[in-house]
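Notes follow once the structure below has been shown.
The chains referred to below are lettered A, B, ... by the order of the sequence lines, with proteins before strands, and numbering in each begins at 1.
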Amino acid sequence: MIHIDTIISHTLIAAISDLYSASIEPNTIQIQETRKEFVGDKTIVVFPFVRIAKKSPEQTATEIGTYLQNHIPTIESFNVVKGFLNLSVSADYWSDVLFDALAQGEEYGKTAVTNDSETIMVEYSSPNTNKPLHLGHIRNNVLGYSIANILEANGFKVIKANLINDRGIHICKSMLAWKKFGNGETPETAQLKGDHLVGKYYVRFDKEYKMQIQNGIAAGETEEYAKEHAPIMCQARELLRKWEAGDAETIELWNTMNSWVYDGFEQTYTRMGVSFDTIYYESQTYLLGKQIVLDGLTNGVLYAKDDGSIWADLTAEGLDHKLLLRPDGTSVYMTQDIGTAVERFKEFGSMRELVYVVGNEQNYHFQVLQLILKKLGYSWAERIYHMSYGMVELPDGKMKSREGTVVDADDLMEDMNKTAAAISTELGKLDGLTPEETHSIHEIIAQGALKYFILKVEPRKTMLFDPKESIDFNGNTGPFIQYTHARICSVLRKAEEQSIAIPTNAGSYVCNAKEQEVIKILARYKESIQLASKEHAPSHIANYLYELVKSYNHFYHECQILNEQDTQAQLFRLALSKQIATVIKSGMQLLGITVPERM
RNA sequence: GGCUCCGUAGCAUAAUUGGAUAGUGCACCUGACUACGGAUCAGGAGGUUGGGGGUUCGAAUCUCUCCGGAGUCACCA
């Protein structure tokens, strides 16, 4: 069916033409939802047209309103407040919206992916392999997974990629500490998840390192010297050199410890419900980009210093000089990122976008990356997008791994589960289910609370996480939305028991104001997906769902469904309830959140 | 110091991208259940949108300038 906004928009252009003999650009038309305190459904802002009409805003609005009412059957009436033209749409239109949506089911609001769809790669998660995941990674994973779903719902082919940083000095630190202090410990013997075990030795390294620095300073060294020459740090560097030289024993240990970490990550990812289509390893990509840089030097885009190092001069763009190859010819992180970006666009030629879900501490890095790619002449440089998100802070400040103030991802998920179980048990709604079913529902609620809490905030913003108070189960929360879904399911189950079939049209029923309110929000689902997609912000979906659910709950409280004596009304409300449940499920799925049928 | 981002009620957040009297949740008061599921609903109180100037019919939104916070300016990733 044709969207009412489209009809209004077209008719408005005709109106301006007929009334004032002028043509207007479609983008000057502003159609918005009429605010609650005024009568009407749709509002046109007429200020942009008063100059054309050469009349007062009120008079212009009245003339346009009259025209629209005469030309659009579904517009029943209008009123004018200052420069705002409020249009009232007929109940039939809203009924049509509902049943049109119902017919589309779970596809409602989404744009189908076809063979012709453009491809977008979303890189997210990208962990280091020297320590377990924490709350900051949860924000990354949840955002990345969600935006991938949202882009897909908006009609793009999406490739979810994970670039695992499996090499470098950090993993050598863990390896070295394990060799020195580990006594052959394994995840099995230690009864510890692999990533936590490796993390334990990373911490152990740091402890030893700090001690050696103190010793050095006590022996009269400067702090800088002590840091640089601490024996354990020198050994770690030596281990990295061995790794780069392909030393068999080192490689073997590296493989072993990384595999422990992957087992651990796998469990965490599974519990979080995130997944990837492709996994890259830095050990296989870190040499990429070198040739491109050398070519850039030949072309004169880059320059070399006397010591042989190669640089990009970005001062003309207001930035700094950036090193791309060290004097010894080895790469830095930026070099590799240039190389992988080039590879990816080579592999998926017509990619519309390459999205990097990475924290805002790397804003500068991505700015530089894009600029260098542009200078190197890659036309697609414009299409890399840094989906930058803010840090997660705790009530007493930033999370610092060294100070032990990080919130561990596995611990947090377990805590959330316990909280959900405690609340659920108290309410006793799950009595009669098997322990497995009960546990599964607790987990759904726990995950829903955590993910929604993170996703409802705009990604760019720094967010505060209060372990004690922040994760609510009331108000604007995941469980609140899940609850509404479960409640509707309960009603639908009862309807089915009574053999009441969901209708496919409204019959002669004219829907009331409460029902229309809900349908109006239902009608905005698609634009909510589009906005979230365009702005790379799942928060729009979260806030949309909250609004939808609030409105439905209001309706639910005001109107009887199964107990309604008027059969027409009963059927209509069942259809409405069913579609709202569908959109809740569909929208939550975009956030990576599952919804239970009871809770 | 340079660049980037943020600042909305005690706390946490929204505002259809320049539109109407800035919404909402927690917490705090007051109401609604022998229940189509109360993890709900209705009402109350709480704001100079960090301060000040500018742009215009109209600014939380754009601009300038201060103030406060974060990040970054590595031959780390």
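The nearest heavy atom of RNA chain B to A:Q367 and to A:R487 marks one nucleotide each, and the one closer to the 5' end goes with A:Q367. Each of A:V549 and A:K82 was matched to the nucleotide of RNA chain B holding its nearest heavy atom; the match closer to the 5' end belongs to A:K82.
The interatomic distance linking A:K322 (NZ) with B:C73 (P) rounds to 8 Å, in whole Å. In this structure, A:E458 atom CD and B:U17 atom P are separated by 15 Å, rounded to whole Å. Regarding A:E547, its CD atom lies at a distance of 19 Å from the P atom of B:U13, rounded to whole Å. In this structure, A:L548 atom CG and B:U16 atom P are separated by 19 Å, rounded to whole Å. The distance between atom CD of A:E228 and atom P of B:C75, rounded to the nearest whole Å, is 13 Å.
Ring stacking holds between A:Y556 and B:C36, with the centres under 5.5 Å apart and the planes within 30 degrees of each other. Under the stacking definition used here (centres under 5.5 Å, planes under 30°), the residue A:Y483 fails to qualify as stacked on the base of B:G37.
Within the nucleic acid shown, A:P327 comes within 4.0 Å of at least one base atom, counting heavy atoms only. Note on A:K429: a base of the nucleic acid sits closer than 4.0 angstrom, heavy atoms only. Within the 4.0 angstrom heavy-atom criterion, base atoms lie near A:M599. As judged by a 4.0 angstrom heavy-atom cut-off over every strand, A:C489 is placed among residues making no nucleic acid contact. Counting non-hydrogen atoms under 4.0 angstrom, A:N86 reaches a base of the nucleic acid. Here A:I445 lies in heavy-atom contact (under 4.0 Å) with a base. Residue-level contact check: A:Y364 touches the backbone only, with heavy atoms under 4.0 Å from sugar-phosphate atoms and none from bases. Residue contacts shown for A:I169 are absent, as no nucleic acid heavy atom lies under 4.0 Å away. Residue A:N128 is classed as a sugar-phosphate contact, given heavy-atom separations below 4.0 Å to backbone atoms only. If you check every strand for non-hydrogen atoms under 4.0 Å, A:R598 touches a base.
Residues A:F572 and A:E515 are in side-chain contact: their nearest non-hydrogen atoms beyond the backbone lie under 4.5 Å apart.
Across the P atoms, B:U34 and B:C29 are found 24 Å apart, a figure rounded to whole Å. Comparing B:G68 with B:A22, their C1' atoms are spaced 23 Å from each other, to the whole Å. For the C1' atom pair drawn from B:A77 and B:U40, the interatomic distance equals 49 Å after rounding to whole Å. Using atom C1' as the reference point in both B:C6 and B:G50, the two lie 12 Å apart (nearest Å). The C1' atoms of B:G69 and B:C75 are separated by 32 Å, rounded to the nearest whole Å.
The cationic group of A:R460 does not satisfy the cation-pi geometry with A:Y389, failing either the under 6.0 Å distance to the six-membered ring centre or the 45° limit from the ring axis. A cation-pi arrangement, defined by a distance under 6.0 Å to the six-membered ring centre and an angle within 45 degrees of its axis, is absent between A:R167 and A:Y281.
The phosphate of B:C6 (OP1 or OP2) has a side-chain N or O of A:R460 nearer than 4.0 angstrom. Within the 4.0 Å cut-off from OP1 or OP2 of B:U13, not a single side-chain nitrogen or oxygen of A:K461 is found. In this structure, A:H554 reaches the B:A42 phosphate: one of its side-chain N or O atoms is under 4.0 Å from OP1 or OP2. Between A:N553 and the phosphate of B:C41, there is a side-chain N or O to OP1/OP2 separation shorter than 4.0 Å. For B:C41, neither phosphate oxygen OP1 nor OP2 lies less than 4.0 angstrom from any side-chain nitrogen or oxygen of A:K550. Between A:R167 and B:C76 there is no side-chain polar atom (N or O) within less than 4.0 angstrom of OP1 or OP2. Residue A:N476 places none of its side-chain N or O atoms closer than 4.0 Å to OP1 or OP2 of B:A14. Side-chain nitrogen and oxygen atoms of A:K456 include none within less than 4.0 Å of the OP1 or OP2 phosphate oxygen of B:U24.
If you check B:U40, B:A15, B:A12 against the side chain of A:H540, the one that comes closest is B:A15. Here the nucleotide nearest the side chain of A:F84, chosen from B:C6, B:C41, B:A20, is B:A20. Side-chain proximity of A:N363 to the nucleotides B:U13, B:A20, B:U4 is greatest for B:U4. Closest contact between the side chain of A:Q32 and the listed nucleotides B:C36, B:C41, B:U16 involves B:U16. Picking from B:A77, B:U17, B:U72 the nucleotide with the shortest atom distance to the side chain of A:E535 gives B:U17. Closest approach to the A:F480 side chain among B:U40, B:G37, B:C36 is made by B:U40 (side chain taken as heavy atoms from C-beta onward).
Using a 30° and 60° split on the angle between ring planes, A:F465 and A:F453 fall in the perpendicular class, above 60°.
A:N86 places no side-chain N or O within 3.5 Å of a backbone atom of A:D41 that could act as its donor or acceptor partner. Side chain of A:H321 to backbone of A:W311: no donor-acceptor contact under 3.5 angstrom is found.
You'll find a donor-acceptor pair under 3.5 Å spanning the side chain of A:T43 and the base of B:A20, going by distance alone. One N or O donor and one acceptor, one from the side chain of A:D307 and one from the base of B:C75, sit under 3.5 Å apart. No hydrogens or angles were tested; on distance alone, nothing pairs the side chain of A:D320 with the base of B:A74 as donor and acceptor under 3.5 Å.
B:G68 and B:C6 make up a base pair, with Watson-Crick or G-U wobble contacts both under 3.5 Å. Across all strands shown, B:G19 is found opposite B:C57 as a Watson-Crick or G-U wobble partner, with both distances under 3.5 Å. Nucleotide B:G46: unpaired (no Watson-Crick or G-U wobble partner with both distances less than 3.5 Å). The partner of B:C73 is B:G1, judged by Watson-Crick or G-U wobble contacts that both fall below 3.5 Å. Base pairing of B:C11: its partner is B:G25, meeting the Watson-Crick or G-U wobble criterion (both donor-acceptor distances under 3.5 Å).
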For this session: Please assess A:Y483 against A:F480 for the test ring pair (Phe, Tyr, Trp, His ring centres under 6.0 Å), listing each intermediate value before the final yes or no.
Result: CA-CA 5 Å; A:Y483 172 78; A:F480 171 79; 7.7 Å; no
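Between A:Y385 and A:Y356, the ring centre distance reaches or exceeds 6.0 Å. Annotation: A:Y202 is not in aromatic contact with A:F205 [ring centroid separation under 6.0 Å not met].
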